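Atoms within a ligand are numbered from 1 in the order they appear, just like the ligands themselves. All residue numbers in this chain count up from 1 along the given sequence. Here the structure is a predicted model, which means the values were calculated and not measured.
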Amino acid sequence: MASRPGPTSTQGATMKCGTLDIESIQATLNSRRIGQRIEFKAETSSTNDEAWLYADEDAFDGLVVFAEAQTAGRGRRGRIWQSHRGASLLLSIGISGQKHSIAGDWLSIIAAIAVHETISKFSDTRPTIKWPNDVLVCGRKISGVLVESRQSQSETRNHVVGIGINCLQHQGHFDGPLANSATSLELLSHRPIDRSAVAIHLLHALDQRLAHPETLNQESLRSDWLSKADALGARVTLEHNSQQHTGTIIDLDPTAALVLQLDEGGIRAFNAADTSLVSTEYGS
Ligand code: BT5
């Protein structure tokens, strides 16, 4: 890989960063695709920005970029992702469209499932996925996923999957609206949280599904997601093209769109890119 300003390679270097131990993550992972190369930044604008720097290079596919702090962490549609230095797991994963291609919408669903499994393992609770890709515990958000897609030089679609998981925050870390809407693994678990172990579990869960996505069974992903979201039969109100619609969730369609039986009549699928959930009666 050509040397460039920006991400700092950790290959061959001993790097223990607080409790985020990149070397042990690299040594333990044994991945087939996700985490073949790992980069670390003490601080960056956004790990998604860092991952995009590699988009035209071979190492992009499966690249993982971690950061301890983001100065402009982002969510969907220009929203902000907040994190205190060293308290979260902040990472982005490059997925090349040339290799084992997979639609961006399904990447969101796969990431949400992998995060759900990870939160289940490291907290003493049962999380819920909130469509399309938030993970909540007791109605409070613990993780968010941001999938960005761009055309590559070879006319295929590249993706960056950004994931933030609140790990070590205490209640006082969350201020403003987050005080009542956010939580962390530390707040939910009776055991100390080792962010490196959380990272390894998450990357392994992603690698299992993304090493050979052509073998993924869309039907089993769909039902896995539906059960982890407690979604079937849930009542939701969502906003699409500035209009609100209320209905009951009856399915997740093959493009990962939420399918509602609308109160106003009819069945309609809403894609994640253009739709926001306004309120929901699922998510425990
Ligand atoms: C998301 O967006 O939830 C996607 C967040 C993705 C963050 C990761 S961190 C690594 C990578 N690099 C980035 O720059 N981003 C990704 P959205 O569904 O739009 O939700 C954003 C909303 O979540 C905000 O408007 C807040 O209400 C809430 N929020 C922000 N920070 C939070 C936190 N730490 N914990 C819980 N909720 C938060």
Side-chain angles (χ1 to χ4, degrees), residues 6-7 20 38-54 63-95 104-105 107-109 111-112 114-116 118-119 123 127-149 159-188 195 198-199 202-203 206 229 238-239 258 271-280 283:
L20 191 60
I38 298 182
E39 300 289 335
F40 171 80
K41 295 291 282 183
E43 180 174 302
T44 177
S45 54
S46 153
T47 52
N48 276 31
D49 292 340
E50 294 291 336
W52 281 121
L53 293 177
Y54 290 89
L63 168 78
V64 176
V65 182
F66 287 102
E68 287 291 16
Q70 293 184 136
T71 54
R74 57 181 178 265
R76 298 182 304 141
R77 296 198 202 91
R79 291 190 284 252
I80 291 169
W81 183 257
Q82 291 183 25
S83 56
H84 291 82
R85 182 180 300 278
S88 302
L89 206 55
L90 305 168
L91 67 152
S92 296
I93 300 141
I95 300 287
D105 288 338
L107 277 175
S108 273
I109 296 294
V115 170
H116 183 284
T118 306
I119 307 288
S123 66
T128 308
I129 300 175
K130 181 180 157 204
W131 184 82
N133 47 18
D134 288 349
V135 177
L136 311 183
V137 179
C138 301
R140 288 174 176 251
K141 185 161 168 174
I142 189 164
S143 173
V145 176
L146 172 69
V147 178
E148 296 176 330
S149 304
H159 310 282
V160 168
V161 181
I163 301 175
I165 300 181
N166 299 332
C167 290
L168 304 179
Q169 288 92 338
H170 290 180
Q171 190 54 51
H173 285 107
F174 298 118
D175 47 16
L178 292 194
N180 295 318
S181 68
T183 189
S184 73
L185 286 176
E186 181 85 12
L187 286 167
L188 296 168
R195 286 183 303 144
V198 177
L202 174 65
L203 294 178
L206 288 167
L238 41 77
E239 187 170 308
L258 202 59
N271 69 324
D274 306 315
T275 310
S276 304
L277 273 182
V278 176
S279 69
T280 169

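The part of Val145 lying near ligand 1 is the backbone, judged by heavy-atom distances below 4.0 Å. If you look at Ile163 next to ligand 1, the close heavy atoms, those under 4.0 Å, all belong to the backbone. At a 4.0 Å heavy-atom cut-off, ligand 1 touches Ile80 through the backbone alone.
Looking only at heavy atoms of the protein, atom 27 (O) of ligand 1 is closest to Leu178 CD2, 4.2 Å. The protein atom (non-hydrogen) at minimum distance from atom 15 (N) of ligand 1 is Arg74 O, 2.8 Å. What sits closest to atom 7 (C) of ligand 1 on the protein, heavy atoms only, is Trp81 CG, 3.5 Å. At the top of the distance list for atom 11 (C) of ligand 1, counting protein heavy atoms only, stands Thr47 OG1, 3.2 Å. For atom 35 (N) of ligand 1, the nearest non-hydrogen atom of the protein is Asn166 ND2, 2.9 Å.
Atom 21 (C) of ligand 1 has its nearest heavy-atom neighbour, among Arg76, Lys141, Glu148, in Lys141. The residue among Arg77, Gln70, Gln82, Arg79 with a heavy atom at the shortest distance from atom 31 (N) of ligand 1 is Gln82.
Listed by number with element, the atoms of ligand 1 under 4.0 Å from a non-hydrogen atom of Gly73 are 14 (O).
Note on ligand 1: Ser83 sits outside its first shell, no heavy atom being nearer than 4.0 Å.
Put simply, CG on Leu63 and CD on Glu50 are 10.0 Å apart, with the number rounded to the nearest 0.5 Å. With rounding to the nearest 0.5 Å, the separation of CG in Asp134 from OG in Ser143 is 8.0 Å.
Under a 3.5 Å cut-off, the side chain of Ser184 and the backbone N or O of Leu187 do form a donor-acceptor pair. Using modelled atom types, one side-chain atom of Gln171 and one backbone atom of Ala179 make a donor-acceptor pair closer than 3.5 Å. Arg76 places no side-chain N or O within donor-acceptor distance of the main-chain N or O of Leu146, the cut-off being under 3.5 Å. Distance alone, capped at 3.5 Å, is enough to place a donor-acceptor pair between the Asn166 side chain and the Thr183 backbone.
In this model, no donor atom of one side chain and acceptor atom of the other lie less than 3.5 Å apart for Thr71 and Glu43.
Of the options Ile163, Val115, Ile165, a side chain to side chain contact (heavy atoms under 4.5 Å, CB included) to Val135 is made by Val115 and by none of the others.
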